[in-house]
Participant: 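Below is a structure I'd like to ask you about.
Per chain, numbering begins at 1; letters A, B, ... match sequence-line order.
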There are 2 protein chains.
Amino acid sequence: MRDSEKVVMTAGPHQRRPLSHEAIVTEAVAFIDEHGLADLSMRRLGQRLGVEAMSLYRYVDGREALLDGVVNHVTSGLQIDPHRALLPSDGWHAFLHDVATQVRGIALEHPRVFPLVATRSPSAPWLRPPLRSLDLVENFLEGLLHRGFDDAGAVAAYRAFSSFLLGHLLLEVSALGAETAPAEEPLAEPDHRPVDETADELGERPNLVRLRHQLSADHSSQEFEESLENLLDRLERLVA
Amino acid sequence: MRDSEKVVMTAGPHQRRPLSHEAIVTEAVAFIDEHGLADLSMRRLGQRLGVEAMSLYRYVDGREALLDGVVNHVTSGLQIDPHRALLPSDGWHAFLHDVATQVRGIALEHPRVFPLVATRSPSAPWLRPPLRSLDLVENFLEGLLHRGFDDAGAVAAYRAFSSFLLGHLLLEVSALGAETAPAEEPLAEPDHRPVDETADELGERPNLVRLRHQLSADHSSQEFEESLENLLDRLERLVA
DNA sequence: ACCTGAACACCGTTCAAGT
DNA sequence: ACCTGAACACCGTTCAAGT
C-alpha cells in the first residue's frame, strides 16, 4: 500500500448493536461498497462494529467464509418466484427479463462486490455465477420448466443466461471502476499538461485517438436490453 | 488461513537468474498458475527467485503494480495483426474468430490468472477487459475497419465482443475452479456417506436432483463456438 | 455467553547500510 | 549497481483468560 493511500478509517465505535452473523456480513458489504475489498480487514471491520477483531470469529469462520457470506448476502436479495405471473400475459420471456433486471440491479447497487459474485468458485459443480445458490438455481429452472422448457432447454438456458449476465455486468461495473480509479489524487497537479492531454498517452494510435470518446460513452442500459432481447430470441429455439 | 492449508512452499533458492521486471512477472504468473493468487506474497515470490522480498522493489512498484504486470504479461501473448490475412478468403468473420480463440487459449492456459484480467480496473475509460491495452484495442479496431466496419460499428463490436469473451471465459474458468476446490482434502473420509451422497445437500430441490449431471456436464468448447457464431451473425447488422 | 489481551506467524514497504 | 537487515505498521487467527 502506497503511503498516499494509507487508510485511517477513523469511524469510531459506531453503534454496538448486538453482534450476529447477519450484522457482521451486512457491515462487511457496506464497508466494501465504501472502501473496496482491498481495504477490508477483520480488524477494521471489528472497529466499525465497536468490537475487537477476535470477537468476529464467534460468528464467522474466518475471512474467506466472511466473503462467501458477503456474496450470499447480496444475492439473497433476488426474488425468483417460479410460479407467480409477473404480468397478465406472462411467459418465460418476462420471467427471464425480470431475473436479468434484478441481477443487474444488484450489480449496480454493489459494483465493488459484484466481481466477487462473478469470480468466487461456486460451491458445487452444478452452480455457475452469478446465480450461485441451490435455491436460486432450483427456482430459476422451475420457472423455465413451468413455462414450457424441457430439461435440456432449461439447462442450456441457465448456462447461456449466466454467461450473458457475467459478461455484461462485469463490463459495466468495470467501466465504473475505470472512471473513478484514475482520480486517485485529483488535486495534485491540476493542469500542467497541454489541453489535449491524452494525445501523449495514445501516441501513434489514430483509431483510438479518433474513437476514444465513442469508446468511453456509456450506453450500457440500452446495450443490456438489446443483448438480452437477442438472447431471448436465441432461446426460442430451445423451448419445446 | 486455516491450519490445514498453511502453505510451506519449500522450493528453495531456485535458479538465481539475473533479476529483472520480466523475470519477476514471469515467475509471478507461474506462481499463480500453481498456487493461486491468494498465496502469492512478495516474500514467497522473492524466495522462489532466490532473493529477499525487498529486492523486488527495484524492479516492480509494489504488489498492485506487480499484478498489473501479470495481467499485461499474459495478454501480451495475443497476436492481433490487423492487416495480415488469416485465410485465403479472409474477412472480419475470420479475424474475430481468431482473436476469440486466442483469448480463450489464454484463459484456459492461465485459469487462475484470468479473473484478474477480467476484473482489474482498466487503466483508461476507453479500455474494457479482456482486451485491456492500448495496442490491443488499436489493432482490434484497425482489423475491423480494414475489413469493412465503419467507426460506430467497430466500437459497438468491441463492446459486444468484450462482453461475450468475459462472460464465456469467466464461466468456463469458474467451472474449472468448482471441480478442484471441493477436493481440498480428498483423502480425509473416503466414503462415510451413503451412495447418493448429494441427496442431503440438495434436499427438497427436485429439479436440481434430476438435472445436476446435465448441469455439471462440460460442453464449453461447442458452446463457445456456437455463441460466437451467434455473435458474428448479430454483428452482420453493424457492418456498413 | 460473550468479549478481549496477548501472542504467533505472517504481510507490504521503506531505507540506511553493506558488497 | 544491486542486494539485504532491521524496522515499522499492519495482517489473520488461536486461545487462555476475563466479565
Participant: In whole angstroms, how far is the C1' atom of C:dC15 from the CD atom of B:E52?
Facilitator: 15 Å

Participant: List the steps and the verdict of side chain to side chain contact (heavy atoms under 4.5 Å, CB included) for B:L56 and B:L66.
Facilitator: CA-CA 10 Å; B:L56 305 179; B:L66 172 61; 5.9 Å; no

Participant: Could you check how far CG of A:L49 sits from P of C:dT4, rounded to whole Å?
Facilitator: 11 Å

Participant: Measuring centre to centre across the rings, with the benzene-like ring taken for any Trp, is A:F114 within less than 6.0 Å of A:H110?
Facilitator: no

Participant: Measuring to OP1 and OP2 of D:dC10, would you say a side-chain N or O of A:R44 lies under 4.0 angstrom away?
Facilitator: no

Participant: Rounded to the Å, how far apart are A:D39 CG and D:dC10 P?
Facilitator: 12 Å

Participant: Which whole-number value in Å describes the distance from A:M42 CE to C:dT4 C1'?
Facilitator: 15 Å

Participant: Look at the side chain of B:M54 and decide which nucleotide, out of D:dG5, D:dC3, C:dC11, has an atom nearest to it.
Facilitator: D:dG5

Participant: Whole angstroms only, please: what is the CD-P distance between B:Q47 and D:dT4?
Facilitator: 12 Å

Participant: Is a side-chain donor or acceptor of B:S163 paired with a backbone partner of B:R159 at a separation under 3.5 angstrom?
Facilitator: no

Participant: State which residues pass side-chain hydrogen bond (donor to acceptor under 3.5 Å, both in side chains) with A:S220; sequence neighbours excluded, sorted by chain then number.
Facilitator: A:E172, A:D218

Participant: Not counting sequence neighbours, which residues clear salt bridge (charged side-chain N to carboxylate O under 4.0 Å, His left out) with B:D81? List them please.
Facilitator: none

Participant: Can you list the stems that DNA chain C is part of, where a stem is at least 3 pairs in a row, each Watson-Crick or G-U, with both distances below 3.5 Å?
Facilitator: C:4-8 with D:12-16, C:12-16 with D:4-8

Participant: Given D:dC2, is OP1 or OP2 found less than 4.0 Å from the side-chain N or O atoms of B:R58?
Facilitator: no

Participant: Assess the residue pair A:Y59 and A:E22 against the criterion (side chain to side chain contact (heavy atoms under 4.5 Å, CB included)); give the C-alpha distance rounded to whole Å, side-chain angles, the decisive distance to 0.1 Å, and a yes or no.
Facilitator: CA-CA 9 Å; A:Y59 305 92; A:E22 176 69 11; over 6 Å; no

Participant: Let me know the distance between CZ of B:R63 and P of C:dT14, rounded to the nearest Å.
Facilitator: 15 Å

Participant: What integer distance in Å separates A:Y59:OH from C:dA1:C1'?
Facilitator: 8 Å

Participant: Starting at atom CG of B:L37, determine the distance to atom P of C:dG12, rounded to an integer number of angstrom.
Facilitator: 11 Å

Participant: What nucleotide among D:dC3, C:dG12, D:dC11 has an atom nearest to a side-chain atom of A:R43?
Facilitator: D:dC11

Participant: Is B:R205 reaching over with its side chain to a backbone N or O of B:L202, donor-acceptor style, under 3.5 angstrom?
Facilitator: yes

Participant: For C:dC2 and A:Y57 - does any side-chain N or O of the residue sit under 4.0 Å from the phosphate oxygens OP1/OP2?
Facilitator: no

Participant: Quick one: which of C:dT4, D:dT4, D:dC2 gets closest to the side chain of A:V51?
Facilitator: C:dT4

Participant: Side-chain N or O of A:S55 versus OP1/OP2 of C:dC2: is the shortest distance under 4.0 Å?
Facilitator: no

